[in-house]
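To start, the structure itself, in structure tokens.
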Amino acid sequence: MTGGRRSPYLASRLQGLGTTIFAEMSALAVATGSVNLGQGFPDTDGPAEISEAAVRAIRGGRNQYPPGAGEPELRRAVCEHRRRFYDQNFDPDTEVLVTAGATEAVTSAVLAFCETGDEVILIEPYYDSYPAAVALAGARPRLVPLRPPTWSLDLDALADAVTPRTRMVIVNSPHNPTGRVLDEPELAALAELCVRHDLLAVTDEVYEHLVHDGRHLPLASLPGMAERTVTISSAGKTFSFTGWKVGWACGPAPLVAAVRTVKQYLTYVSAAPLQPAVAVALGLPDSYFSEAAASLRERRDRLCAGLEAVGFTVSVPQAGYFVLAGIAGVGRFGAGDADRFCRELPERVGVVAIPASAFCERRPDLAGTVRFAFCKRPEVLDEALRRLSGLRPGPDGSAPAGPEPR
Ligand code: PMP
Ligand code: GLN
């Protein structure tokens with residue numbers, strides 16, 4: 001996690017959460033005129049038919065509070081989408097909740113399910129909102145590592161993480177920041193653990209359609225899991241509208257009702273006119289989803305090849321829009337410490353990246369690893385690579401000092 005200074009105003013359970021690394025690094029990108037490969041957002045919008053549907057909804061007067069669970073047409077569209085892609089069946093009236101992005105859905109679920117002092121199993125590296133949600137709930141994280149270079153789930157550590165206080169597990173697959181898609185044996189181990197210890201599962205599947213190698217399998221589709229899983233996703237990544245913050249949670253009616261109880265006091269409802277537009281998006285033909293993934297795969301390959309040529313040690317991601325890269329082979333500045341490297345990189349070469357430590361509590365093995373986003377136009381990736389080429393090792397293989405600060 002990013003840490004951050006002690007605030008005299010923040011409650012003790014929230015000390016150290018500070019400002020997210022994404023906000024901090026995006027501000028640094030603006031201040032230094034850097035190419036921002038830090039925070040994960042595309043630099044082009046999604047299909048015009050989706051934004052036109054939102055404009056129509058605004059002009060058509062769909063601007064007042066929607067129903068608490070979300071607009072019925074969006075809830076129906078979520079159910080049809082889950083049926084089309086995963087053969088899962090949810091009742092739009094009782095088993096779907098529309099939220100302010102996946103973030104609110106995850107946080108509401110943790111707040112709904114956890115007593116103070118309960119434990120939540122998180123996979124490390126983790127998306128940064130999970131430990132924050134656990135802290136908000138007064139619960140405690142138990143971390144289970146993904147191990148490089150394959151980023152496979154440490155199943156022994158998983159088994160050891162369960163205690164009598166364990167309430168739930170949060171599973172993010174496809175995974176940010178590693179790009180790992182958990183495979184069937186890993187999902188089966190998670191399912192078996194949840195069933196054996198009567199744990200709830202919350203899945204974050206926001207990268208479900210951005211799979212480059214392999215296949216995404218929802219945890220809820222494994223035996224014994226449908227009745228104990230809240231499945232979460234959102235429109236941001238799939239349709240390239242990250243600023244809309246429309247997400248959803250699906251699961252058994254009693255679990256979704258508990259999540260709704262929290263959501264109704266956090267935000268009550270979300271973004272009325274964007275909901276019919278996301279319903280249109282979810283109904284797009286299969287070709288939209290495969291083409292979006294294919295376009296991203298090309299950009300993944302472009303950035304990964306370029307980073308390798310510069311001297312980074314690249315871990316090619318199976319999914320999502322981030323690549324992790326080791327910095328040992330590039331520039332001596334930062335002294336192998338990815339935090340320092342990322343703080344100095346904008347000034348030195350005009351590129352922003354995120355240190356992997358932002359997704360970890362204690363992972364010395366990832367201290368020299370940074371994350372780059374490739375959800376950008378090819379020419380933007382090329383410009384970032386051109387700037388990063390100043391870090392390329394010398395002909396004798398020696399690492400250069402790196403360019404002087406600009
Ligand atoms: N989960 C993961 C794993 C993410 O990477 C992100 C970042 N976009 C989110 C959730 C946030 O999703 P949303 O914007 O829908 O809240
Ligand atoms: N999910 C995005 C990322 O990982 C960031 C979203 C945010 O800034 N909260 O970069």
Side-chain angles (χ1 to χ4, degrees), residues 1-2 17-30 36-43 46 70 74 78 97-110 122-134 146 151 170-182 202-211 216 219 230-250 259 263 266-267 270-271 274-275 278 281-282 296 317-324 342 352-360 370-376:
M1 253 192 285
T2 41
L17 293 177
T19 303
T20 83
I21 186 78
F22 308 114
E24 190 185 337
M25 286 301 189
S26 282
L28 194 57
V30 171
N36 188 356
L37 302 189
Q39 190 173 32
F41 61 89
D43 57 359
L74 176 53
V78 167
L97 171 68
V98 176
T99 57
T103 310
E104 189 196 36
V106 172
T107 301
S108 300
V110 174
L122 303 180
I123 295 171
E124 188 188 39
Y126 43 66
Y127 182 55
D128 72 335
S129 79
Y130 308 159
V134 171
L146 292 179
W151 306 110
I170 301 181
V171 178
N172 170 216
S173 179
H175 183 257
N176 177 10
T178 64
R180 184 74 212 293
V181 182
L182 293 181
V202 166
T203 67
D204 177 344
E205 306 184 13
V206 298
Y207 299 101
E208 60 185 319
H209 286 292
L210 306 181
V211 178
H216 169 57
L219 183 62
V230 174
T231 299
I232 290 168
S233 192
S234 79
K237 306 295 152 40
T238 302
F239 303 110
S240 290
F241 286 105
T242 59
W244 282 17
K245 299 294 294 185
V246 175
W248 47 89
C250 307
V259 179
K263 189 259 174 345
L266 287 179
T267 50
S270 335
L274 302 183
Q275 296 191 26
V278 173
L282 285 167
L296 197 57
Q318 275 181 283
Y321 45 49
F322 304 111
V323 51
L324 289 180
C342 287
V352 160
I354 305 281
S357 60
F359 308 91
C360 306
V370 303
R371 189 194 81 173
F372 293 99
F374 51 84
C375 48
K376 308 290 173 182

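We count ligands from 1, going down the list as the structure has it; atoms in each ligand are counted the same way. Given the structure is predicted, the values throughout are model-derived calculations rather than measurements.
For atom 9 (N) of ligand 2, the closest heavy atom belonging to the protein is Y127 OH, 3.1 Å. Among all non-hydrogen protein atoms, the one lying nearest atom 10 (O) of ligand 2 is R371 NH2, 2.6 Å. Looking only at protein heavy atoms, the nearest one to atom 8 (O) of ligand 2 is Q39 NE2, 2.6 Å.
At distances below 3.5 Å, at least one donor-acceptor pair connects side-chain atoms of T99 with backbone N or O atoms of G101. Of the possible donor and acceptor atoms, one in the side chain of S173 sits under 3.5 Å from a partner among the backbone N and O of L182. Between the Y126 side chain and the C360 main chain, a donor and an acceptor come within less than 3.5 Å of each other. When atom types are taken as modelled, the side chain of R180 and the backbone of P174 share no donor-acceptor pair closer than 3.5 angstrom. Judged by distance alone, with hydrogens and angles left aside, the side-chain atoms of H216 form no donor-acceptor pair with the main-chain N or O of Y207 at under 3.5 Å. The closest donor-acceptor contact from the side chain of S233 to the backbone of E205 lies under 3.5 Å.
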- Task: Please report the C-alpha distance between S26 and V352 in whole Å, then the side-chain angles of each, then the deciding distance to 0.1 Å, and finally whether the side-chain contact (heavy atoms from CB on, under 4.5 Å) criterion is met.
- Result: CA-CA 8 Å; S26 282; V352 160; over 6 Å; no
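Taking 4.0 Å as the cut-off, F41 does not count as a neighbour of ligand 2 on heavy-atom distance. Ligand 2 lies nowhere less than 4.0 angstrom from a heavy atom belonging to T20.
Within the cation-pi definition used here (under 6.0 Å to the ring centroid, within 45° of the axis), K376 qualifies as a partner of F41.
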Sequence neighbours left out, cut at 3.5 Å: what donor-acceptor pairs do the side chains of residues 243-250 make with other protein atoms?
| residue | atom | partner | partner atom | Å |
| --- | --- | --- | --- | --- |
| K245 | NZ | T103 | OG1 | 3.4 |

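Each of G101, A102, T103, Y127, Y130, N172, N176, D204, V206, Y207, S234, K237, K245 has a non-hydrogen atom positioned under 4.0 Å from some atom of ligand 1.
Between P131 and D128 the shortest heavy-atom distance is CD-O, 3.4 Å.
Counting heavy atoms closer than 4.0 Å to ligand 2, residue T103 contributes nothing at all. Residue contacts with ligand 2, taken as heavy atom pairs separated by less than 4.0 Å, do not involve K245 at all.
Atoms of ligand 2 lying under 4.0 Å from any heavy atom of G40, numbered from 1 in the order shown and given with element: 2 (C), 3 (C), 10 (O).
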